[in-house]
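For reference, the structure discussed in these notes is given below.
Reckoned from all heavy atoms, side chains included, excluding hydrogens, waters and symmetry mates.
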Amino acid sequence: MNQIKYYFTTTLDGNLAYHVNDIKENVDKNREAVALKMDYKNEDLIFMNQVHENNVVIVDKNSPKLIDNCDGLITKEKKLPLMVMVADCIPILFFDEIQGVIAAVHAGRNSTFLKIAQITANKMMSELGCNVNNIKVIMGPSIHACCYEVSDELVNIVKTSFGEKFCKGNNIDLHGINIKLLEEVGIRHIQVSEICTKCSNEPFFSFRKDKYTGRFAGIITL
């Protein structure tokens, strides 16, 4: 059985993203501190230039540390931490302890509509030999249906593509959609954080609460 370590950072860990309005030295320092806390080398960390699409990349120790044009990372490499950065979108972590495969996925509205969760699970199975019964999934703190209000147009997309039950007025349930997508491919071990980044007053960055905000992260390593 492979040992998996994962962690969802909080605002106490500071901002971990270079692309928001922050000084590079601050982000470096915050990332170093998290690496120390989780016991990996910061220079080994693989992260993404997330673009709200559904490109999922399998990485190893020879991959660049910043993967461009990407919203999902998968590896079977030991001691290679993967990071997804969010401030309301769902950070989804996948792992198969038997096969020794992990994944970190950015599931915002667009990526969810583009079925990134299914694409990740299918890649883990078809390309890295995972058994669907061994894949476990954790959705970290993110905006919940209580606060996720969208336009009529987007509500209609959800109704047509996924079903009316994921809409309550103009609020949509991204967690429910992702659970449905994962269950469709046969995944049963799914854990969802109850924390809503917008209304819970828990220490997580939220873009809906404050446009000029940092990013927290879901980090997983084998």
Side-chain angles (χ1 to χ4, degrees), residues 1-10 12-13 16-17 30-48 50 55-67 70-86 89-107 111-112 116-142 175 178-179 181-183 185-195 197 202 204 215-222:
M1 187 80 91
N2 292 277
Q3 201 195 353
I4 313 281
K5 263 192 194 166
Y6 65 85
Y7 175 55
F8 294 103
T9 70
T10 69
L12 306 174
D13 296 300
L16 297 178
N30 294 340
R31 287 190 178 197
E32 279 293 348
V34 171
L36 211 59
K37 190 185 258 189
M38 276 187 79
D39 191 28
Y40 62 76
K41 290 194 186 96
N42 187 37
E43 58 269 22
D44 293 340
L45 180 72
I46 296 197
F47 59 108
M48 303 172 270
Q50 299 165 188
N55 187 29
V56 179
V57 178
I58 296 175
V59 294
D60 61 27
K61 63 177 185 297
N62 302 314
S63 302
K65 295 302 170 240
L66 171 59
I67 308 290
C70 177
D71 288 277
L73 297 170
I74 306 175
T75 194
K76 61 179 185 10
E77 191 92 48
K78 295 208 168 25
K79 292 190 167 32
L80 192 68
L82 309 178
M83 174 164 84
V84 49
M85 291 174 281
V86 288
C89 293
I90 310 175
I92 310 186
L93 304 179
F94 293 68
F95 56 95
D96 172 349
E97 291 148 303
I98 311 294
Q99 200 63 14
V101 176
I102 56 172
V105 169
H106 169 240
S111 303
T112 296
I116 194 165
Q118 273 187 1
I119 290 167
T120 306
N122 285 331
K123 265 198 177 201
M124 288 173 74
M125 294 186 281
S126 65
E127 296 184 42
L128 294 174
C130 294
N131 178 318
V132 71
N133 300 317
N134 300 330
I135 297 177
K136 295 178 179 166
V137 176
I138 294 165
M139 299 187 202
S142 41
H175 297 84
N178 277 292
I179 291 167
L181 290 169
L182 290 164
E183 287 179 343
V185 294
I187 292 174
R188 295 285 169 265
H189 306 283
I190 305 168
Q191 195 184 324
V192 180
S193 165
E194 294 297 307
I195 295 171
T197 40
E202 296 284 339
F204 295 97
R215 299 290 181 271
F216 70 94
I219 301 170
I220 187 163
T221 180
L222 197 52

Taking the side chain as every heavy atom from C-beta outward, state whether Met85 and Gln50 have any atom pair closer than 4.5 Å. yes

Residues Phe95, Leu222; criterion side chain to side chain contact (heavy atoms under 4.5 Å, CB included); working and verdict: CA-CA 9 Å; Phe95 56 95; Leu222 197 52; over 6 Å; no

Say whether Tyr7 and Lys37, considering side chains only, have a donor N or O and an acceptor N or O under 3.5 Å apart. yes

Rounded distance [0.5 Å steps], OG1 in Thr120 versus CD1 in Ile187: 9.0 Å

Worked verdict on Lys136 versus Phe94 for side chain to side chain contact (heavy atoms under 4.5 Å, CB included): CA-CA 6 Å; Lys136 295 178 179 166; Phe94 293 68; over 6 Å; no

Looking at Lys123, I want to see if its NZ is surrounded by more than 12 non-hydrogen atoms of other residues, nucleotides or ligands under 6.0 Å. yes

Heavy atoms only: give me the nearest Pro141-Phe216 pair and the separation to one decimal. O-CZ, 3.3 Å

For Glu43 versus Lys65, what's the shortest heavy-atom pair and its separation? O-CE, 3.1 Å

After noting the C-alpha distance and the side-chain angles of Glu183 and Arg188, does the key distance pass the side chain to side chain contact (heavy atoms under 4.5 Å, CB included) rule? CA-CA 6 Å; Glu183 287 179 343; Arg188 295 285 169 265; 3.6 Å; yes

Given side chains that start at C-beta, do those of Val137 and Ile92 come closer than 4.5 Å, heavy atoms only? yes

Backbone of Thr10 reached by a side-chain donor or acceptor of Asp13 within 3.5 Å: yes

Is the backbone of Glu97 close enough, under 3.5 Å, to the side chain of Asn2 for a donor and an acceptor to pair up by distance? yes

Could you state the interatomic distance from CG (Asn134) to CG (Asn131), rounded to the nearest 0.5 Å? 4.5 Å

Is there a donor-acceptor pair closer than 3.5 Å between any side-chain N or O of Ser142 and the backbone N or O of Gly140? yes

Please walk me through it: do Met124 and Ile135 pass side chain to side chain contact (heavy atoms under 4.5 Å, CB included)? CA-CA 9 Å; Met124 288 173 74; Ile135 297 177; 4.3 Å; yes

Please tell me if the side chains of Val132 and Met125 come closer than 4.5 Å, counting only heavy atoms from C-beta onward. yes

For the pair Arg31 (side chain) and Leu16 (backbone), establish whether a donor and an acceptor sit closer than 3.5 Å, ignoring hydrogens and angles. yes

Is the backbone of Lys5 close enough, under 3.5 Å, to the side chain of Thr221 for a donor and an acceptor to pair up by distance? no

Side-chain contact, heavy-atom cut-off 4.5 Å: Asp71 with Val56? no

I'd like to check the side-chain contact (heavy atoms from CB on, under 4.5 Å) partners of Gln99; sequence neighbours left out, ordered by chain and number. Asp96, Val101, Cys130

Can you give me the closest heavy-atom contact between Val84 and Pro91, atom names plus distance? CG1-CB, 3.9 Å

Can you check whether Ile102 reaches Ile4 side chain to side chain, under 4.5 Å on heavy atoms? yes

Could you tell me whether the side chain of Ser193 reaches within less than 4.5 Å of the side chain of Phe8, counting heavy atoms only? no

To the nearest 0.5 Å, tell me how far Leu45 CG sits from Leu82 CG. 8.0 Å

Short side-chain to backbone donor-acceptor contact, His189 and Asn133, under 3.5 Å: yes

Working to the nearest 0.5 angstrom, can you tell me the gap between Ile116 CD1 and Asn55 CG? 8.0 Å

Is there side-chain contact between Ile67 and Phe47, with at least one heavy-atom pair below 4.5 Å? no

Does Glu77 reach the main-chain N or O of Val59 with its side chain, forming a donor-acceptor pair under 3.5 Å? no

Straight-line distance of Met38 CE to Thr9 OG1, nearest 0.5 Å: 10.0 Å

Closest non-hydrogen atom pair between Met48 and Met83, with its separation: CE-O, 3.6 Å

Distance in Å, Leu12 CG paired with Phe204 CZ, rounded so as to fall on 0.5 Å steps: 9.0 Å

salt_bridge(Asp44, Lys61) N-O dist < 4.0 Å: no

